[in-house]
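What follows is a set of notes on a single structure, which appears directly below.
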Amino acid sequence: MSLSLLRSTLRSARSSRQPRLRLATPACVTITSRNNATNTPLRFMSSGSAKLADIDPSRVEVIQTTKPGVPPPSASLKFGHTFTDHMLTIPWDVVSGWGVPRIQPYGPLELEPSCTVLHYAQTIFEGMKAYRHDDGRVTLFRPDMNMKRMNTSAARIALPTFDGEALLEIIKQLIRIDKSWIPKEPGHSLYVRPTLIGTQKAVGVGPPNEALLFVILSPVGPYYPNGFKPVSLYGTTEYVRAVPGGTGAYKLGVNYAPGILPQKEAAELGYAQNLWLHGPEHYLTEVGTMNLFVVFKKADGSYELVTPPLDGMILPGVTRDSVLALARQHSSSSSSSIPDLPPKLTVSERPVTMAEVKEASKNGTLVEMFGAGTAAVISPVDRIGYLGEDVHIPTGEDGMGPISRPIWRELVGRQTGDIKSEWSVEV
């Protein structure tokens, strides 16, 4: 072999080992490497390329319905079954970014059967409420936290992220258009459901090149229309909701369907919800689809409010954060005290096991247990079925306990406007 031929061969070999660069769009470059075991393209923004479009409230198009509906009597509302006249849709694609936001009549979505959401559960969602005040104002409760969590969830399953403040402004516009659907009766509200799905028209696991964000609205009544009714839990040792390193800390559609069968089996045993346990120690994690709180009485007569820590398995709920914030403010400042809430209150984010709960129930130091979430706000618990026996939990005459009752009043007061709060964001 001649020297020139040898040099040419070496250059060719070196070239074959290098990643091949392919210009995908003016906005990004795709790198595909033959040494990549997964053969997955990596996408990044080049330094000189244009930024993809984000959600822009100034581009909103509004198409009013020509057949407006009539809101049903509030007493007949069933959670999540009635929807308002309009919805919001915002398309996204990998070339242009976020498209034109469109407020349009509520109706079916047009999806191809190959869409990734239908095969690989590329979907996330949020839940929040809009409240009508006596003076006619409408407010949302801490919606910035929902926008932040929605972006975190989107990033976890490679869906596109977005400007949360911009989306919130358009959601407010949607609510204003359908304001007449917000019930006026106490305890009622308008449930807001933002959802983001992957819509790539191809069967294959990977980041989608198309997505759709949509928002629908549903008028709802109080979770407990006839007063609080404590729920019974089944401490399931047969199933787990989440594991370390998994997706339990994100609001993904894929987290909910696997809980339906355990819920059905718990109901067949006479319990209302599952108490999700983890590990051989049977650590408490969540109750049904809500965050969990336990209250213990300490040796000095004070109380400890406990919730499992955000360890990657626990969803960072907005109501959870609100309960913790109110309790900590109450404990640390007399100016932020909550009426009727015991003054000596320790707030802990720590692991708690069924063995600890069971022992506290026996020796009288278990004060109460409750779930916390957007739908119910506070949901008291009166018993747990665990390893063949019931662990009983104290409840008051109204179904609540000495810690949950005043915190619930404070939370609802802030949501409905009876108590002024920076957490209420006007629509």
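Values below: every heavy atom of this structure, side chains too, minus hydrogens, waters and symmetry copies. Counting begins at 1 with the first residue of the sequence.
- Looking only at side-chain heavy atoms (C-beta outward), Tyr386 and Tyr234 stay at 4.5 Å or farther from each other.
- Side-chain contact between Val100 and Glu61: present, with at least one pair of heavy atoms (C-beta onward) separated by less than 4.5 Å.
- Contact check on Asp321 versus Arg142 returns a salt bridge, with a Lys/Arg side-chain nitrogen under 4.0 Å from an Asp/Glu carboxylate oxygen.
- Atoms CD1 and CG, on Ile197 and Leu118 in that order, are 7.5 Å from each other to the nearest 0.5 Å.
- Residues His188 and Val220 fail the side-chain proximity criterion, which asks for heavy atoms closer than 4.5 Å.
- Closest of all the heavy-atom pairs between Ile63 and His86 is O-CD2, 3.7 Å.
- More than 12 heavy atoms of other residues, nucleotides or ligands lie within 6.0 Å of CD in Glu268, so this atom counts as buried by the packing criterion.
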Notebook entry, point to check: Passes side chain to side chain donor-acceptor pair (under 3.5 Å), Ser361 versus His392? Steps please.
Noted result: CA-CA 7 Å; Ser361 177; His392 294 278; over 6 Å; no
Check: Is there a side chain to side chain contact (heavy atoms under 4.5 Å, CB included) between Gln173 and Arg176 once you walk through the steps?
Finding: CA-CA 5 Å; Gln173 185 176 351; Arg176 288 194 294 268; 3.7 Å; yes
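- Pro406 approaches Gly401 most closely through the heavy-atom pair CD-O, 4.2 Å.
- Without hydrogens or angle criteria, Glu410 side chain to Val323 main chain gives no donor-acceptor distance under 3.5 Å.
- You'll find the side chain of Thr89 reaches within 4.5 Å of the side chain of Leu212, heavy atoms only.
- Looking only at side-chain heavy atoms (C-beta outward), Glu368 and Pro402 come within less than 4.5 Å of each other.
- Counted within 6.0 Å of CD on Glu165, heavy atoms from surrounding residues, nucleotides or ligands total 12 or fewer; the atom is thus considered open.
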Note to self: Let's go through Val427 and Leu140 carefully: what are the C-alpha distance in whole Å and the side-chain angles of both, what is the deciding distance for side chain to side chain contact (heavy atoms under 4.5 Å, CB included) to 0.1 Å, and is it a yes or a no?
What the structure shows: CA-CA 7 Å; Val427 170; Leu140 291 162; 3.9 Å; yes
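- Looking at every heavy atom in both residues, Asp390 comes nearest to Tyr271 through OD1-OH, 2.6 Å.
- Panel note: side chain Thr65, backbone Pro105; no donor-acceptor pair is recorded below 3.5 Å.
- Considering only heavy atoms from C-beta on, Tyr250 comes within 4.5 Å of Thr152 through its side chain.
- Contact check on Arg320 versus Glu349 returns a salt bridge, with a Lys/Arg side-chain nitrogen under 4.0 Å from an Asp/Glu carboxylate oxygen.
- Distance check: Leu167 CG to Asp54 CG gives 10.0 Å after rounding to the nearest 0.5 Å.
- Heavy atoms only, all atoms of each residue included: Ile403 and Val295 are closest at CG1-CG1, 3.6 Å.
- In this structure a side-chain-to-backbone donor-acceptor pair under 3.5 Å is present from Gln263 to Ala272.
- With a 6.0 Å radius and a threshold of 12 heavy atoms from other residues, nucleotides or ligands, Asn363 has its CG atom above the threshold.
- Among the candidates Gln200, Gln122, Glu210, the single residue satisfying the side-chain hydrogen bond (donor to acceptor under 3.5 Å, both in side chains) test with Thr116 is Gln122.
- A side-chain donor-acceptor contact under 3.5 Å links Asn151 to the backbone of Phe162.
- Atom-to-atom distance recorded for Arg409:CZ and Ile407:CD1 is 11.0 Å, nearest 0.5 angstrom.
- Between Arg405 and Asp340 there is no salt bridge, since no side-chain nitrogen of the basic residue lies less than 4.0 Å from a carboxylate oxygen of the acidic one.
- Using a distance-only test at 3.5 Å, with no hydrogens or angles considered, a donor-acceptor pair links the side chain of His81 to the main chain of Phe79.
- Residues Phe296 and Leu366 have side chains in contact (heavy-atom distance under 4.5 Å, counting atoms from C-beta outward).
- With rounding to the nearest 0.5 Å, the separation of CD1 in Ile177 from CG in Leu217 is 10.0 Å.
- Checked against a 6.0 Å centroid threshold, the rings of Phe83 and Tyr191 do not count as neighbours.
- Side chains of Thr237 and His282: a donor-acceptor N/O pair is absent below 3.5 angstrom, by distance only.
- Using a 4.0 Å cut-off between a side-chain N of Lys or Arg and a carboxylate O of Asp or Glu, Lys298 and Asp300 do not qualify as a salt bridge.
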Next item on the list: Could you walk me through whether Lys172 and Glu426 pass the salt bridge (Lys or Arg N to Asp or Glu O under 4.0 Å) test, one step at a time?
Entry: CA-CA 9 Å; Lys172 290 179 181 178; Glu426 190 163 353; over 6 Å; no
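- Between Ser404 and Phe370 the shortest heavy-atom distance is CB-CD2, 3.6 Å.
- Distance check, rounded to the nearest 0.5 Å: CZ of Phe141 to CG of Leu411 gives 5.5 Å.
- The two residues Thr84 and Pro219 have their closest heavy-atom pair at CG2-CD, 4.2 Å.
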Next item on the list: Could you walk me through whether Arg383 and Val391 pass side chain to side chain contact (heavy atoms under 4.5 Å, CB included), step by step?
Entry: CA-CA 5 Å; Arg383 66 186 174 102; Val391 178; over 6 Å; no
Next item on the list: Kindly determine whether Asp85 and Trp181 satisfy side chain to side chain donor-acceptor pair (under 3.5 Å), including the steps that lead there.
Entry: CA-CA 9 Å; Asp85 285 330; Trp181 285 80; 3.3 Å; yes
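- Ion pairing of Glu304 with Lys297 is absent here, as no side-chain N (NZ or NE/NH1/NH2) approaches a carboxylate O to less than 4.0 Å.
- A donor-acceptor pair under 3.5 Å is formed between the side chain of Ser153 and the backbone N or O of Lys251.
- The CE atom of Met150 sits 6.0 Å away from atom OG1 of Thr195, with the distance rounded to the nearest 0.5 Å.
- Judged purely by atom type and a 3.5 angstrom limit, Lys129 uses its side chain to pair as donor or acceptor with the backbone of Ala375.
- Within the 4.5 Å cutoff, no side-chain heavy atoms of Val306 are placed close to those of Phe293.
- Asn146 places no side-chain N or O within 3.5 Å of a backbone atom of Met128 that could act as its donor or acceptor partner.
- A salt bridge is defined here as a Lys NZ or Arg NE, NH1 or NH2 lying under 4.0 Å from an Asp or Glu carboxylate O, and Glu356 with Arg350 meets this definition.
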Item checked: Working for salt bridge (Lys or Arg N to Asp or Glu O under 4.0 Å), residues Arg414 and Glu422 -> CA-CA 9 Å; Arg414 292 184 180 218; Glu422 61 184 10; over 6 Å; no
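- Trp423 places no side-chain N or O within 3.5 Å of a backbone atom of Gln415 that could act as its donor or acceptor partner.
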Next item on the list: Tell me, with the steps shown, if Tyr239 and Arg241 meet side chain to side chain donor-acceptor pair (under 3.5 Å).
Entry: CA-CA 7 Å; Tyr239 303 95; Arg241 174 190 170 272; over 6 Å; no
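- Between the side chains of Asp382 and Thr395, not a single donor N or O lies within less than 3.5 Å of an accepting N or O.
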Next item on the list: Just do the side chain to side chain contact (heavy atoms under 4.5 Å, CB included) check on Leu275 and Thr236 with the steps written out, would you?
Entry: CA-CA 6 Å; Leu275 172 60; Thr236 178; over 6 Å; no
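- Without hydrogens or angle criteria, Ser96 side chain to Asp93 main chain gives no donor-acceptor distance under 3.5 Å.
- Under a 4.0 Å N-O distance rule, the pair Arg149/Glu126 qualifies as a salt bridge.
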